[in-house]
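These numbers come from the heavy atoms of this one structure, side chains and all, not from hydrogens, waters or symmetry mates. Please read all numbers here as calculations on a predicted model, not as lab measurements.
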Amino acid sequence: MKRVPIVYFSDLLCLWAHISELRVDAARATYGEQVRFEYRFCSVFGDTARKIADGWGDRGGYAGFNEHLRRAASDYPEVQVNPDIWLTVRPASSTGAHLLLKAVHLDEAAGGCAPQTYERTVRGLRRAFFESAQDIARWEVQCAVGRSCGVDVGRIEALIDDGAAFAALASDYKDAAAMGIQGSPSFVLNEGRQKLFGNVGFRILDANIQELLRARQTEQASWC
């Protein structure tokens with residue numbers, strides 16, 4: 001079977017990445033096993049206080065950012081956004097949640113947890129913040145969400161303690177820089193030749209997938 005691998009870089013605290021899960025689901029519904037998404041991370045909200053100060057300091061700070069996100073999300077009725085995000089709950093960083101997720105990924109790859117646990121936990125943490133306004137920078141919140149998705153926290157702690165999860169996260173961040181990832185979300189196709197950054201619609205992603213599938217079937221170079 002011809003299959004298109006898609007590397008999906010995102011930051012857990014990025015609203016557009018939360019919205020882009022709709023495009024991931026639509027691609028899978030359309031192409032089934034012909035597409036394979038690989039979830040990886042880039043750092044956009046590594047220091048949220050600085051990000052808000054730099055980007056929103058003269059535009060209302062956290063309140064202005066909250067209003068901007070709620071207005072943006074209103075165009076997507078399928079996506080729930082808690083009205084209190086960045087007001088009552090302000091995660092200091094996405095890095096800790098990314099670290100836990102890399103440990104879950106390693107555990108799943110080694111057969112420790114059930115298939116798809118990693119992706120379920122990615123989505124679970126996103127929903128915890130965007131829908132329930134939970135502080136996913138906090139370890140106890142990460143663990144609670146992880147357990148609800150089938151994560152064995154003891155094994156995850158071991159992978160963090162021995163440095164393996166740190167190494168995996170460092171690899172994601174380094175690869176994101178090497179690939180020229182501009183931010184979250186970013187879809188990388190065709191061995192890095194095609195990069196779709198930001199709030200790209202499904203039709204754009206769909207056109208790229210179709211062209212890559214066509215090129216593989218005819219052994220011609222992609223024109224997309």
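Taking the six-membered ring where the residue is Trp, His98 and Phe41 present parallel rings, their angle staying beneath 30° rather than reaching 60°. Ring planes of Phe45 and Phe65: tilted class, angle from 30 to 60°.
Between Arg23 and Asn199, the side chains place a donor N or O and an acceptor N or O closer than 3.5 Å (distance only, hydrogens not considered). Side-chain contact of Asp206 with Tyr31: a donor-acceptor pair under 3.5 Å is present, judged by distance alone. Side-chain contact, Ser10 with Arg126: a donor N or O sits under 3.5 Å from an acceptor N or O.
For Arg71, the CZ atom counts as densely surrounded, since its 6.0 Å shell holds more than 12 non-hydrogen atoms of other residues, nucleotides or ligands.
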Quiz item: Should Arg193 and Glu191 be marked as a salt bridge (Lys or Arg N to Asp or Glu O under 4.0 Å) after you check the CA-CA gap, both sets of side-chain angles, and the distance that decides it?
Solution: CA-CA 6 Å; Arg193 298 180 185 88; Glu191 299 178 340; 3.3 Å; yes

Self-check item: Arg70 vs Asp84, salt bridge (Lys or Arg N to Asp or Glu O under 4.0 Å): CA-CA, chis, key distance, verdict
Solution: CA-CA 10 Å; Arg70 288 191 292 110; Asp84 290 333; over 6 Å; no

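Formation of a donor-acceptor pair under 3.5 Å by the Tyr118 side chain with backbone atoms of Tyr39 is found in this model. A donor-acceptor pair under 3.5 Å is formed between the side chain of Thr48 and the backbone N or O of Pro91. Under a 3.5 Å cut-off, the side chain of Thr117 and the backbone N or O of Cys113 do not form any donor-acceptor pair.
Aromatic ring centroids of Trp86 and Phe130 lie 6.0 Å or more apart.
A cation-pi contact, defined as under 6.0 Å to the ring centre and within 45° of the axis, is absent between Arg40 and Tyr8.
For the pair Ile136 and Ala128, the tightest heavy-atom approach, listed with the atom from each and the gap, is CG2-CB, 3.9 Å.
In this view, Arg59 satisfies the side chain to side chain donor-acceptor pair (under 3.5 Å) rule with no residue, not counting sequence neighbours.
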